[in-house]
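These notes concern the structure reproduced below.
For the numbers below, each heavy atom of this structure counts, side chains included, while hydrogens, waters and symmetry mates do not. Nothing here was measured: the structure is a model prediction, and the numbers come from that model.
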Amino acid sequence: MVKNKVKNKVKKNTVIATFGITILISVCIILGDRSSYMLNWLGIAIYLYAILTWKWEREERLFSIYTIFFSFFFLFNYGQCAMWALGIGWDRGIGTDVVAYGTGVIPNESQMITAKWYTCICMLLFHYGAMMFTGKGSYRPTTATSIEKAKQDRKLLYICGCILITIVAPLAIYQRVKELFIARTYGYKALYYGGMSTQSGYIQILMYLFFPTLLCLLIGSNFKKKVTRAVIIIFLLYTIPAVMSGDRGSWIYSLVILIWIFAQRKKVTLKDVVFWIILGVLGLYILNVITDVRDTGLDSLSIKSFINGFNINKSPIIDAFFEMGGSMGIITYFLIVGNGIYPYGNTYITAILGAISSRLLSFLGIKQVLISNWFSQEYLGISWGTGFSMIGEAYVNGGFFGGFVYMFIIGIIIGKLLSRCRDSSNMGQKPIGAFVSIAMLNIVCGFPRSAVYLVIKESVYGVLTILLMVWLLRNTKYKSLTSVRKGA
C-alpha cells in the first residue's frame with residue numbers, strides 16, 4: 001500500500017517572509033501617528049506575502065485560484081492605498097472628501113491610520129485562516145477505481161451542463177440584451193433601482209447557474225474542442241451586451257477565471273503575458289469610456305467619446321484602483337461612527353437562514369435586511385447603492401476585535417473552498433472538487449465589496465443546485481462503483 005506523501009514542514013522562504021512582515025509591522029508601530037505612508041506599503045507587502053506564501057506552502061503556480069481571489073480582495077480594500085504608496089493621487093480618494101454621502105464625515109489622518117491598520121490586520125488574519133486550515137499538498141497514487149470514478153463524475157457534470165445550458169444560456173443572454181437596451185435609454189442605474197430594475201425575480205436566480213453551467217460543460221467534457229468553442233461563444237454572447245451596458249461586475253471575475261482555466265492547459269509564454277496585458281489595458285480604456293456615459297444613457301456614446309477616452313492625461317488603470325479601492329470607505333466610516341448604528345441582528349445568521357427562502361425568516365420573526373441596501377437607502381437615504389465590504393460586515397457583526405475573529409473564520413472557509421483545485425490535473429482526476437472550487441471562486445471574488453447574503457444565496461442556487469443534480473443522477477441513472485464491484 002502506497003502511503004500519501006504529505007509535506008508538513010514550513011518552507012524556509014515562508015519563515016523569512018514572515019520575519020520581514022513582522023519587522024515592517026514593528027516599524028509602523030514605532031512610527032505611530034507618522035505611520036500613514038508606511039502603512040500604504042505594509043498593505044502591499046501583506047498582499048505579496050499572501051500570494052507568495054500560498055504558492056510556496058501549497059506548491060502551486062503564482063497565478064492560482066487563491067491569487068485571483070486575494071488580488072480582488074486587495075484591490076477592493078486597499079487599492080487606493082497602493083496608489084498613495086506610489087505617490088499617485090494624494091488629492092483624491094478616501095480622506096479627501098465625505099466618506100459616506102450626506103453624513104459630512106471626512107476622515108482625518110488619525111482615522112485613516114486606524115482604517116489602514118484595521119484593514120491590514122484583517123487581510124493578514126484572513127490569510128492565516130486560509131493557510132493554517134487548508135493543509136499542504138498531498139500526492140495520491142491513481143488507481144483503477146479513482147480513474148473510473150473521475151470519469152463517471154465528469155460524465156455526470158456534462159449531463160447536468162447539457163440539461164441546464166438549454167434553459168440558462170438563452171435566458172441569460174436575453175437578460176443581458178434587455179439590460180443593454182434599458183441602459184441605453186435610461187442609464188445604468190435603472191438596472192438596479194426603480195421600475196426597470198432587473199436584479200431580482202426568478203430570472204435572476206437562474207442567472208446564478210450561468211457560469212457554473214459553463215464549468216460543467218468544460219470540466220465534464222474534459223475540454224473537448226467543440227464544447228470549449230461553444231462555451232466561449234456563449235460566454236461572449238453573454239458578456240458583450242454586459243460590457244456595452246456599462247457593467248463592470250461579475251463578467252470580469254468570470255473572464256479572469258476562464259483565462260486561468262485555459263492557462264492551466266497550455267504553457268504560458270512571455271508573449272502570451274504581454275498579449276493579455278496589452279489587451280487588458282485597451283479593454284480598460286474602452287470600458288472607462290462606456291462607464292463615463294453609462295449613468296446618462298449609452299445613446300450619448302460617440303466616436304468623440306472614445307477619442308477623448310484615450311487622452312494621454314487620463315489613466316483608466318489608476319481610475320480603476322481608486323474606484324475599486326473605494327470599498328475601504330465602508331470600514332473607515334464604521335470605525336469612526338461605530339457599529340451601533342446598525343439596528344438589526346447578526347447579518348451572517350440572517351444570510352444563512354434566509355438564503356433559500358425569506359419565509360423561514362418571517363416564520364422565526366426575523367426581519368430580512370440586506371446590509372448594503374440598509375446602509376444606502378435606509379441609513380444614508382440615497383437612491384443608489386454604495387455597496388458594502390467583507391471587512392465592514394465583519395466589524396458590524398463582531399465589533400472591533402470580534403471583526404478580526406470573523407475575518408479569520410471567513411479565511412478558513414474560503415481557503416478550504418478554493419483549495420480543491422490547483423491545476424488541470426485536479427479537473428481531470430477530481431472533477432467535482434475542481435468544479436466546486438472554481439464555481440465558488442466566481443462567487444467570492446465580489447465578496448470583498450459586497451455582503452455575505454448574496455454569496456450564500458448564489459452558492460445555494462448556483463453551486464448546490466448542480467451538486468444536488470449530480471447526486472440525483474448518480475443515484476438514479478448510475479449505481480455506485482462499489483455496488484458494481486459487488487456484483488462482479
Return yes if a side-chain donor-acceptor contact under 3.5 Å exists between [X] and [Y], otherwise no.
| X | Y | value |
| --- | --- | --- |
| T350 | T347 | no |
| E179 | Y174 | no |
| Y47 | S71 | yes |
| S376 | T386 | yes |

Looking at [X] and [Y], would you say the former's side chain and the latter's main chain have a donor-acceptor pair under 3.5 Å?
| X | Y | result |
| --- | --- | --- |
| S327 | P448 | no |
| T465 | G462 | no |
| R58 | S419 | yes |
| N339 | V396 | yes |
| T134 | A130 | yes |
| Q175 | M207 | no |
| S437 | L417 | yes |
| R154 | N222 | no |
| Q80 | I94 | yes |
| T67 | L62 | yes |

Measuring only between side-chain heavy atoms, which start at C-beta, is [X] closer than 4.5 Å to [Y]?
| X | Y | answer |
| --- | --- | --- |
| R61 | Q264 | yes |
| L124 | I25 | yes |
| I341 | Y333 | yes |
| W374 | P343 | yes |
| F262 | I232 | yes |
| C216 | L164 | no |
| K430 | F435 | no |
| M407 | E393 | no |

Next item on the list: Check Y66, W54, Y49 against H127 for a side-chain hydrogen bond (donor to acceptor under 3.5 Å, both in side chains) and give me the one that passes.
Entry: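 Only match with H127 under side-chain hydrogen bond (donor to acceptor under 3.5 Å, both in side chains): Y66.
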Looking at every heavy atom in both [X] and [Y], which two are closest together, and how far apart are they?
| X | Y | result |
| --- | --- | --- |
| L39 | Y78 | O-OH, 2.7 Å |
| L206 | V168 | O-CG1, 3.7 Å |
| V455 | I443 | O-CG2, 3.7 Å |
| C162 | I165 | O-CG2, 3.5 Å |
| Y118 | G399 | OH-O, 3.5 Å |
| F63 | I68 | CE1-CG1, 3.7 Å |

So how far is it from [X] [atom1] to [Y] [atom2], rounded to the nearest 0.5 Å?
| X | Y | atom1 | atom2 | result |
| --- | --- | --- | --- | --- |
| L157 | I219 | CG | CD1 | 6.5 Å |
| L418 | I438 | CG | CD1 | 10.5 Å |
| I410 | L125 | CD1 | CG | 11.5 Å |
| L255 | W251 | CG | CH2 | 6.0 Å |
| F408 | I412 | CZ | CD1 | 4.5 Å |
| F70 | I414 | CZ | CD1 | 10.5 Å |

Check: Only one of Y253, W260, F447, F126 clears ring pair (Phe, Tyr, Trp, His ring centres under 6.0 Å) with F69; which?
Finding: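 Running ring pair (Phe, Tyr, Trp, His ring centres under 6.0 Å) over Y253, W260, F447, F126 with F69 returns exactly one hit, F126.
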Item checked: Option among F76, Y395, F334 that satisfies the ring pair (Phe, Tyr, Trp, His ring centres under 6.0 Å) test with F388 ->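 The option that passes is F334.
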Check: Should the pair E148-K151 be classified as a salt bridge under the 4.0 Å nitrogen-to-oxygen rule?
Finding: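 Looking at K151 together with E148, the answer is no, because their closest N to O distance does not fall below 4.0 Å.
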Checklist line | Salt bridge flag under 4.0 Å for residues R449 and E323 | finding: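 The answer is no: the pair does not qualify as a salt bridge.
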Check: Does D423 have any salt bridge (charged side-chain N to carboxylate O under 4.0 Å, His left out) partners at least two apart in sequence or in another chain, and if so, which?
Finding: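 Per chain and number, D423 pairs via salt bridge (charged side-chain N to carboxylate O under 4.0 Å, His left out) with no residue.
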Check: Under the side-chain contact (heavy atoms from CB on, under 4.5 Å) criterion, do L258 and I261 qualify, and how do the steps go?
Finding: CA-CA 5 Å; L258 285 175; I261 289 172; 4.2 Å; yes
Item checked: Y158, OH: over 12 other non-hydrogen atoms inside 6.0 angstrom ->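 For Y158, atom OH is not crowded (no more than 12 foreign heavy atoms under 6.0 Å).
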Next item on the list: Could you give me the CA-CA distance, side-chain angles and deciding distance for C81 and K116, then say whether side-chain contact (heavy atoms from CB on, under 4.5 Å) is met?
Entry: CA-CA 8 Å; C81 299; K116 290 175 185 180; 4.0 Å; yes
Note to self: Parallel, tilted or perpendicular: which one describes the rings of Y379 and F375, with boundaries at 30° and 60°?
What the structure shows: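 Parallel.
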Next item on the list: Test N13 against L52 for side-chain contact (heavy atoms from CB on, under 4.5 Å), laying out the working first.
Entry: CA-CA 9 Å; N13 287 343; L52 288 172; over 6 Å; no
Checklist line | Residues Y406, N346; criterion side chain to side chain donor-acceptor pair (under 3.5 Å); working and verdict | finding: CA-CA 12 Å; Y406 277 127; N346 189 294; 3.0 Å; yes
Next item on the list: Kindly determine whether Y461 and I456 satisfy side-chain contact (heavy atoms from CB on, under 4.5 Å), including the steps that lead there.
Entry: CA-CA 9 Å; Y461 288 107; I456 295 178; over 6 Å; no
Next item on the list: Would you please indicate yes or no on a ring centroid separation below 6.0 angstrom for Y238 and F210?
Entry: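 Under 6.0 Å, so yes.
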